[in-house]
Amino acid sequence: MLDNITKSNLFNSIENIKGIGPKTSKLFEKLCGTKIIDLLLTMPRGIKKRMFLDQVSEQFLKEEVALIITVVKHIPQFNPRMPYKILCKNKNNEIEIIFFRGYTKYLKKILPVGENKVVCGKLEKLGSKYQIIHPESISHLEELPYLHGSLSLYSLTKGLTMSLYRKSIFSALKELIEIPEWINEAIIKKNNWHTWKETIELLHNPKELNDEKINKFKDRLSFDEALSHYIKLLIMKDKMKKNICYAVNVNNEIKNKILSDINFKLTGSQLKVLNEIENDLNKKTPMLRLLQGDVGSGKTIIALISLANLINRKMQGALMVPTEILAIQHYNYFSNMLKETNVKIALLTSKIKKKERDDIYENIENGSIQIIIGTHALFQKNVNFNNLNYIVIDEQHRFGVHQKFQLSEKGSNPHVLVMTATPIPRTLALTMYGNMNISKITELPANRTKIETRTISSNKTNKIIEELKSIIEKKENVFWICPLIEESEKLDLTAATKRFEKLKKYFGNYVGIIHGKMDIEEKKKIIDKFKSKKILILVSTTIIEVGIDVPNATVIIIEEANRFGLSQLHQLRGRVGRSDKKSSCILLYKNKNINEFSKKRLNTIKLNNDGFKIAEEDLKLRGFGEISGTKQSGYQLFKILDPLKDIKIMEEALVEAKKIFEKRKNMKKEDKNIINIFLKIYNQSSSMDYIKIA
Ligand code: ADP
Ligand code: MG
């Protein structure tokens, strides 16, 4: 049985499916993932009814139908503005299939004269002729059973049609195999659930239209997913706490030095969380702590002070951040603040040149570098730490649970602090990360003034540019953010470049541009120039979204603000208002793109300055994946489960996971394998194959 699974195609690339080539697979990837199993685990967003008509008749006009037709002849258009018609027969009736923009070659290929096909679409009649205009699909006869009755609908992306999606699902369904049940029988019975295989089959091919059933299928798969998630957490936690760790005793001398070097006093909140962290670090059991604090609340200094405890000990610390720009910024800040100590700090990102990178690897391995600041590059294979004792992860919502774990694995039970400005309700944090302790910074530094936020039509962009003149005279910095367009970095860049050129006409060399495609040296240079006020207006794509700290920046302009999530807008806005200077945020929108709903969203930002409030609104308006940033980062925590709605399922799954986990040592090998297969099915990261029950 299990042999079947290892041999099955489920874990192979979706490119193995007929009709999905390298190009289309990229589109699918955006929606579901890279493997056949990922495709099968996409949830239909609804159902549509379509009837099979043996014979067309008046009574079914305007209905969605599936028909068997025989192609009689093609009537090409001589004038490109005329429709392309294909005359067909259905029983004794004539029916025309009409395309307004048709490519003769293509149409002849999909509807060859003399062949029988299934055509689906809305039945129309013009004069005495039946018609189907732009059929939704044209298929082989053997696909007929999938083409009528209740049909699942899927979320699509540009370039992907519903019929291709459905067809691919059908092909993928052929690869589906039965896996022995892993959920407790009593739970299956109580909920009246089907087997795993049946559930997926029914989900994509519902025999009768019925939301209740869809929910039932979804619940079963959500339970699977939650169960696998919790078992994984338990495995990780078990690995982490197995050995005791080194205590990182607090170094008061360095701490006091830092505190006297900064030109502000820590807030009461900052002192409190620092204390909580220090207490943990002093212990010989590894810390696992989440530090929440709104944008600008001053989390970096906490990371700095706590990491500085490692100095003059044979210990290493790592600070991991989601973007290169943020890594550079933290690196500069740390280097500057600790320059009078003998600590060695390194910057490690994937864009650092090979030779330099090899040097860094070597010095990480021999222990001469003590604090390593970097991006995802930190947990790659070649990085071997000498003695990694303490890890700080900034903007944690940008990383997956696994990635955090992968980094921890590089030390022997290091202390872990994860920091975030995106608030996650406590219950959710617990269900997502297990027994994590939480610290909160609940106040902003006293010197802050409220950021004035305005929503303005992009027709008035020129007026905004005029307004910037006085800001430039004052030598204050401005961010100008251009949005993600169709999630393509290339198009993004065009928009940003255009804006850059235009602003240059007004402000000359005061304008700079920064984007993801630049190499690290270029980025460093631009940021330096911005901080030293040689550049005053920085045009950027959203790569500066998180963490960037330029206290002299007082204005941020966000183009097509309605394209962003609320939490993302709040993060962006947080780039200004980082000092006592009066700051403002301008949200531009295009009139044609804005409706009541998007107005309401922008207003939420305008009226609220509190990240927690905004996050709550965001949760109401959008899904969890989007608010937690996991969607934007291309990393989705769950495929099916909605941690906001499926709380009951999660609770029950947690209980079950614990039971399974406790029993694991006495399990038969066969049973362990079944569990490991489910872990793999719901695995959120392909590189994590090693999370298994052993
Ligand atoms: P975030 O929590 O968003 O990461 P940062 O750590 O980047 O915030 O801090 C934002 C800015 O506020 C930085 O310029 C930092 O030096 C400054 N800052 C931090 N703590 C205080 C404080 N207690 N008083 C005044 N300014 C502070
Ligand atoms: Mg920060």
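Indexing begins at 1, ligand by ligand and atom by atom, following the structure's order. Since the structure is predicted, the reported quantities are computational estimates derived from the model, not experimental observations. If you read the sequence from its start, that first residue is 1, and numbering goes on from there.
Salt bridge annotation for K272-E276: present, with a cationic side-chain nitrogen under 4.0 angstrom from a carboxylate oxygen. A salt bridge links K255 with E278: the distance from a Lys NZ or Arg NE/NH1/NH2 to an Asp or Glu carboxylate oxygen falls below 4.0 Å. The residues E467 and R454 are annotated as salt-bridged, a charged nitrogen and a carboxylate oxygen being separated by less than 4.0 angstrom. The pair K257-E340 meets the salt-bridge criterion, since a charged nitrogen lies less than 4.0 angstrom from a carboxylate oxygen.
Residues F530 and F479 bring their aromatic ring centres within 6.0 Å.
For atom 13 (C) of ligand 1, the closest non-hydrogen atom of the protein is D549 OD2, 3.0 Å. Given atom 8 (O) of ligand 1, the protein heavy atom at minimum distance is G298 N, 3.3 Å. Nearest protein heavy-atom contact of atom 3 (O) of ligand 1 is G296 N, 2.6 Å. For atom 24 (N) of ligand 1, the nearest protein heavy atom (residue, atom name, distance) is P445 CB, 3.2 Å. The protein atom (non-hydrogen) at minimum distance from atom 20 (N) of ligand 1 is Q270 NE2, 3.0 Å.
For the atom pair K351 NZ and K517 NZ, the distance stands at 8.5 Å (nearest 0.5 Å).
On a distance-only criterion, V295 and ligand 1 share no N/O pair closer than 3.5 Å. Residue F264 has no N or O atom closer than 3.5 Å to an N or O atom of ligand 1. Remark: ligand 1 and N447 share no N or O pair separated by less than 3.5 Å (distance only, no angle test).
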Evaluate the side-chain hydrogen bond (donor to acceptor under 3.5 Å, both in side chains) criterion for residues Y510 and K475: first the C-alpha distance (whole Å), next the side-chain angles of each, then the deciding distance (0.1 Å), finally the verdict. CA-CA 10 Å; Y510 277 138; K475 291 259 157 62; 3.0 Å; yes

Where do K339 and N336 land on the side-chain hydrogen bond (donor to acceptor under 3.5 Å, both in side chains) test, with the steps shown first? CA-CA 5 Å; K339 62 174 181 269; N336 185 34; 2.8 Å; yes

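Those atoms of ligand 1 that come under 4.0 Å of a heavy atom in P551, given as number and element, are 14 (O). Of all the atoms in ligand 1, the ones that sit under 4.0 Å from a non-hydrogen atom of T300 are 4 (O), 5 (P), 6 (O), 7 (O). Short contacts between ligand 1 and D294, defined as distances under 4.0 Å to a heavy atom of the residue, involve ligand atoms 2 (O). Per-residue contacts place S297 under 4.0 angstrom from the following atoms of ligand 1 (heavy atoms of the residue considered): 2 (O), 8 (O). Atoms of ligand 1 found under 4.0 Å from any heavy atom of L266, numbered from 1 in the order shown, are 23 (N). Ligand 1 places these atoms under 4.0 Å from at least one heavy atom of T267: 23 (N).
The option with the heavy atom closest to atom 26 (N) of ligand 1, from among R448, H330, M419, R578, is R448. Evaluated by nearest non-hydrogen atom to atom 2 (O) of ligand 1, the leading choice among K299, K265, Q571 is K299.
The closest approach between I441 and ligand 1 stays at or above 4.0 Å for every heavy atom of the residue. In this structure, A421 falls outside the shell of residues with a heavy atom less than 4.0 angstrom from ligand 1.
Looking at Q316, its side chain does come within 3.5 Å of a backbone N or O of I364 through a donor-acceptor pair.
Under a cut-off of 6.0 angstrom, the local environment of CD in E253 is sparse, with at most 12 non-hydrogen atoms contributed by other residues, nucleotides or ligands.
Classification of the H376-F379 ring pair by plane angle, with boundaries at 30° and 60°, yields perpendicular.
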